[in-house]
Each structure stands twice: as structure tokens, then as C-alpha cells.
Amino acid sequence: QPTLKERLAALIPQEIENVKATRAEHGKKSFGPVIVDHLYGGMRGLPALIWDGSVLDAEEGIRFRGRTIPECQQFLPKAPGGSEPLPEGLFWLLLTGEVPTQEQVAELSKDWAARAAIPEFVEELLDRCPPTLHPMSQFSLALNHDSAFAKAYSQGISKKDYWGPVFEDSMDLIAKLPNIAGRIYRNVFGQGKLPVIDPAKDYSHNLATLLGFGDDEAFVELMRLYITIHSDHEGGNVSAHTGKLVGSALSDPFLAFGAALNGLAGPLHGLANQEVLVWLRKMQNSIGENASDEAVREYVWSTLKSGQVVPGYGHAVLRKTDPRYMAQREFALKRLPEDSLFKLVNQVYTIVPDVLFEAGKAKNPWPNVDAHSGVLLTHYGLTQMEFYTVLFGVSRAFGVTAQLIWDRALGAPLERPKSYSTASIQKMFVNK
Ligand code: NMX
Ligand code: MLT
């Protein structure tokens with residue numbers, strides 16, 4: 001059976017031809033007008049990027065290479081005795097559009113485990129970080145690494161071969177993230193010495209072990225689901241787009257992903273998973289546990305009236321409940337239906353959309369992925385909410401690197417859109 005790299009090597013020439021043909025036939029066709037509001041409005045809805053790995057539909061949610069989350073849960077290989085998809089399979093799917101065999105996935109687990117060690121200087125760097133430095137800042141700092149791509153570039157590698165060392169860097173990067181994340185977790189939250197990776201275990205199992213939860217099969221399954229659903233969300237979200245943009249300057253995958261992580265660390269993006277837990281805890285402190293619907297509603301209104309957003313709700317593209325929220329909700333219903341925080345998350349779900357709708361500003365009053373992830377982690381004992389976005393970051397590496405590999409394989413050019421000044425817009429449309 002071919003390895004992932006062999007499979008990619010076979011697919012890339014076909015895809016180069018496919019893109020050429022698509023551009024020859026449709027290259028000069030228009031998507032419609034660009035209007036001035038696109039420039040001022042965060043480019044919402046502006047067609048601007050190509051990424052085949054995943055596509056987001058406003059009503060239906062994400063599809064990874066055409067497959068919904070329930071389909072991925074059904075078709076992707078699982079660990080023996082497990083019921084959640086292995087993220088190794090998702091990475092294969094993102095890169096090739098194909099569902100790998102159980103053996104191919106096992107080979108990928110082994111390959112990542114073999115690449116997992118981090119350089120000593122990174123260990124020292126992390127050990128010297130004060131625990132007060134946010135885990136996400138430590139995470140992006142630790143990504144400094146010798147890059148096969150940067151080395152090959154300095155030695156004059158031909159453009160058509162870029163994807164090979166970018167693939168190797170991406171594999172190294174993904175493989176090393178559990179050790180980096182585990183070290184940060186243990187340093188910051190004083191959880192004892194870091195154990196070593198077991199080459200016989202899958203990626204999520206090893207990550208769980210490094211965090212101290214490897215003996216809890218339910219937590220390991222949660223990690224498999226968590227990484228799968230957080231991996232990618234088409235090309236336009238802040239982290240995926242940042243990775244693509246920085247990669248387009250031929251910055252190596254470690255630099256490009258570091259930049260992506262810095263975007264993920266913002267409260268309107270990945271940090272929202274931390275913000276949700278902070279907000280829920282503040283609510284409990286303010287109105288008590290087992291509060292009435294009326295008290296919760298009042299609290300939501302007080303958040304809005306103080307000019308803050310309700311974290312975990314709304315989305316730039318989605319207009320329905322995020323299927324990633326639903327996948328986590330189903331996991332909770334199956335495994336922790338009596339958890340008191342889960343009950344609060346459910347109660348909030350019945351109240352916030354109505355309030356946001358009544359407030360009349362948010363285009364999407366429904367919950368996104370971040371509204372549900374913290375309660376699951378908390379249930380299993382990972383209660384340090386400042387760490388939650390690091391786990392989102394480990395997962396997002398799968399999508400960002402898959403995109404970097406394909407961008408270099410297809411010869412994607414430097415990204416350089418045009419910016420305008422308000423004065424130039426006023427001049428352009430005078431008397432029109
Ligand atoms: N609570 C309060 N106000 C909101 C919310 C919310 N959850 N969502 C949107 N709005 C407001 C938004 O701030 C804006 O107000 P203003 O006109 O005063 O600037 C208005 O509604 C229109 O915004 P939208 O067009 O609906 O949303 P946009 O595409 O600009 O932003 C988010 C999308 C996700 C940034 C926004 O919904 C939000 O801030 N949500 C809370 C933070 C969050 O959960 N982020 C995580 C998203 C998922 N992820 O992982 O990245
Ligand atoms: C994501 O997963 O990247 C978020 O849902 C944000 C987005 O898609 O814009």
C-alpha cells in the first residue's frame with residue numbers, strides 16, 4: 001500500500017493539469033461585483049481563495065473533501081475498540097481526498113511518533129518561560145525549528161520540487177506538537193514530569209498521555225474527535241488564511257503555522273473556547289449554580305449591554321448551529337449527560353439564540369464549535385481553560401499544513417491584494 005507521500009506524488013501532476021484546465025476554461029469569468037463594503041467589512045463573503053481540503057456551507061457547516069462530520073465519523077478508520085475517527089485518517093483525507101486503510105493510518109501514527117521528539121533548545125526555551133506567559137504565546141514561540149524547506153531553498157531547490165520538503169516539515173511539525181503542548185501544560189500548571197511518546201499508540205493517545213490523561217479511554221476518544229473536527233474550516237478563517245498568506249512568501253511551515261497560531265490566539269477566533277469557560281464560570285459566580293432560565297437570560301443581556309460579545313455564539317459564515325457543536329453535544333449526551341456544566345451549556349443553548357435574535361445585531365445567533373469544547377475537557381479533569389486554545393492549535397495544524405503542501409505543489413503565488421484609501425474611493429465614485 002502506498003504511503004501518504006507516494007500517494008501525493010501520484011496525485012499532484014493530475015491536479016496541476018486540472019487547475020490549468022480550470023483556469024483555461026473559467027479563468028476570466030466573474031463571481032460578481034466587488035463592492036466598497038467588502039473593503040470596509042472584513043471582506044466577508046468575498047470570493048478570494050482556493051482550498052480543496054474543506055468547504056463551509058452557511059447552512060450545513062463544514063465538509064472535509066466533500067464529507068460531513070457524521071460521514072467522517074462513519075468512514076474514517078478508528079482505533080481498535082474506539083468509535084471516533086483517528087485524526088491521522090482526516091489528515092490523509094484532507095491531503096488526498098481519499099479514505100485511507102487501517103494500515104495506512106497505522107503507518108502514519110508510527111511515522112509521527114518517530115518524529116515526535118523536540119530539540120533540546122525548544123525544551124529549554126519552554127522551561128524558561130514564566131508560567132504567567134499565556135500558553136498560546138509559548139506555543140507559537142516554540143515552533144522555531146530547522147526547516148527542510150528553508151534549507152532546500154537556500155540550496156537552490158527548483159520550484160516544482162517545493163512540496164517535498166514542505167511535506168517533510170509539515171509531518172515534523174504535526175508530530176512535534178504533542179510534545180510542545182504537553183510540556184507547556186506541565187510547566188504552566190505544574191502537572192509533573194513529561195512522559196515519553198509510545199510509538200505503538202496513535203497520535204491522540206500519545207497527546208492524551210503527555211497531558212496526563214492517557215489512561216482515560218474516554219478522554220483519548222475525545223481527543224480523536226476534537227482534533228478531527230477542529231482541523232480545518234475552509235481557507236478563509238483567520239488561522240488558515242494567515243498560514244496560507246505567510247506561506248505564500250515561502251516562509252517555511254514552522255513560521256507560517258506560528259503566524260496562524262497567533263491569529264488563533266485572538267478572542268474572536270480560537271481563544272473563544274477559553275472565553276466561553278471564563279464566561280460560564282463568571283455567570284455561575286454571579287447568579288449561582290442551577291439558576292433559573294430567567295436569571296440566565298438576564299445575565300446574557302447584561303453581557304450584551306456592557307458591550308461584550310457572548311463567546312461561542314455567532315459566526316462569520318455559518319447561519320445555523322455549527323455541526324462541530326452538535327458532534328460535541330452528541331459526545332456529551334452519550335458520555336456525560338448528568339454533568340452539571342453540560343446542563344448549563346444546554347440551558348444557555350436554549351436561551352442565547354433568542355436573546356441575540358432579539359438584540360438584532362448578530363447575523364448568526366447560533367452556537368459555534370467553541371461553545372461546547374471546554375465543558376468536555378473540564379469534565380475529564382482538564383480544567384485549565386487558558387490551555388484550551390493550544391488544543392485547538394494542535395488540531396488546526398492539520399488543515400494549515402495540508403493547505404501549505406498543496407499551495408507549494410500547485411505553485412500558488414505570493415498573496416498580494418490591493419488596498420485603497422477612503423480618499424481614493426471617494427474620488428473614484430464621485431458623481432456615480
Ligand atoms: N455576541 C454579541 N454580539 C455579537 C455576537 C455575539 N456572539 N456575534 C456577533 N455579534 C455582533 C458583532 O459584534 C457585530 O456588532 P457591531 O455591528 O456592533 O460591530 C454584529 O453583531 C454583526 O456581526 P456579524 O456580522 O454577525 O458577525 P461577524 O462576522 O462580524 O463576526 C464572530 C463573527 C464569530 C467574530 C462574532 O459572531 C463573535 O464575536 N462571536 C463571539 C466570539 C466567538 O465565539 N468567536 C469564535 C468563532 C469560531 N472560532 O472558533 O473562530
Ligand atoms: C474556525 O474554525 O476557523 C472558525 O469557525 C472560524 C471561521 O471559520 O471563520
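Only this structure's heavy atoms are used, side chains among them; waters, hydrogens and symmetry mates stay out. Indexing begins at 1, ligand by ligand and atom by atom, following the structure's order.
- Protein heavy atoms all stay at least 4.0 Å away from atom 32 (C) of ligand 1.
- The closest protein non-hydrogen atom to atom 9 (C) of ligand 1 is A362 CB, 3.5 Å.
- Short contacts between ligand 1 and A316, defined as distances under 4.0 Å to a heavy atom of the residue, involve ligand atoms 29 (O), 33 (C).
- Residues F398 and Y203 bring their aromatic ring centres within 6.0 Å.
- Between Y349 and W366, the angle of the ring planes goes over 60°, which puts this pair in the perpendicular group of the 30/60° scheme.
- Atoms of ligand 2 lying under 4.0 Å from at least one heavy atom of H233, given by number and element, are 1 (C), 2 (O), 3 (O), 4 (C), 5 (O), 7 (C), 8 (O).
- Centroid-to-centroid, the aromatic rings of Y313 and W279 stay 6.0 Å apart or farther.
- Near F392, meaning under 4.0 Å from one of its heavy atoms, ligand 1 places the atoms 50 (O).
- The single protein non-hydrogen atom nearest to atom 41 (C) of ligand 1 is Y313 O, 3.2 Å, given as residue, atom name and distance.
- Within the listing of ligand 1, atoms 43 (C), 44 (O) sit less than 4.0 angstrom from a heavy atom of G312.
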Is there a side chain to side chain donor-acceptor pair (under 3.5 Å) between E415 and H241 once you walk through the steps? CA-CA 10 Å; E415 256 191 48; H241 183 198; 3.1 Å; yes

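- The protein atom (non-hydrogen) at minimum distance from atom 25 (O) of ligand 1 is K363 NZ, 2.8 Å.
- Between H315 and H233, a ring centre-to-centre spacing shorter than 6.0 Å is recorded.
- Looking at R63 and D57, no side-chain N of the basic residue comes within less than 4.0 Å of a carboxylate O on the acidic one, giving no salt bridge.
- Counting only heavy atoms, the protein gets under 4.0 Å from atom 7 (N) of ligand 1.
- At the shortest separation from atom 30 (O) of ligand 1 among protein heavy atoms lies R44 NH2, 3.1 Å.
- One option in H241, H269, R396, R324 has a heavy atom closer to atom 5 (O) of ligand 2 than any other, and that option is R324.
- When all heavy atoms of A142 and L125 are compared, the pair lying nearest together is CA-CD2, 4.4 Å.
- E168 and R115 are joined by a salt bridge, as a carboxylate oxygen and a charged side-chain nitrogen come within less than 4.0 angstrom of each other.
- Side-chain contact check for L382 versus Y388: some heavy-atom pair is nearer than 4.5 Å.
- In this structure, R224 fails the cation-pi test against Y226, since its NZ or CZ atom is not both closer than 6.0 Å to the six-membered ring centre and inside 45 degrees of the ring normal.
- Protein heavy atom nearest atom 22 (C) of ligand 1, with residue, atom name and distance: K361 O, 3.6 Å.
- Listed by atom number, the atoms of ligand 1 under 4.0 Å from A272 heavy atoms are 43 (C), 44 (O), 45 (N), 46 (C).
- If you check which protein heavy atom lies closest to atom 51 (O) of ligand 1, you get H269 ND1, 2.7 Å.
- Seen from the ring of F75, R67 counts as a face-on cation partner, given the 6.0 Å and 45° thresholds.
- What sits closest to atom 1 (N) of ligand 1 on the protein, heavy atoms only, is V310 N, 2.9 Å.
- Atoms of ligand 2 found under 4.0 Å from any heavy atom of N237, numbered from 1 in the order shown, are 3 (O), 6 (C), 7 (C), 8 (O), 9 (O).
- If you check which protein heavy atom lies closest to atom 48 (C) of ligand 1, you get D370 OD2, 3.4 Å.
- Of the heavy atoms in H315, only side-chain atoms (C-beta onward) come closer than 4.0 Å to ligand 2.
- Considering backbone and side-chain atoms together, L268 places an N or O closer than 3.5 Å to an N or O of ligand 1.
- Note: an N/O pair closer than 3.5 Å links N368 and ligand 1 by distance alone.
- Atom CG of N290 sits in a sparse spot, with 12 or fewer heavy atoms from other residues, nucleotides or ligands closer than 6.0 Å.
- Under 4.0 Å from ligand 1, not a single heavy atom of V238 appears.
- Residue contacts with ligand 1: L356 is placed with no nitrogen or oxygen under 3.5 Å of a nitrogen or oxygen of the ligand (distance criterion only).
- Per-atom contact check: atom 27 (O) of ligand 1 does not touch the protein, criterion being a heavy-atom distance below 4.0 Å.
- Ring pair F213/Y380: centre-to-centre distance not below 6.0 Å.
- Relative to the six-membered ring of Y420, K418 meets both conditions, a distance below 6.0 Å and an angle of at most 45° to the axis.
- Across the listed options V317, N237, V309, V309 owns the non-hydrogen atom lying nearest to atom 13 (O) of ligand 1.
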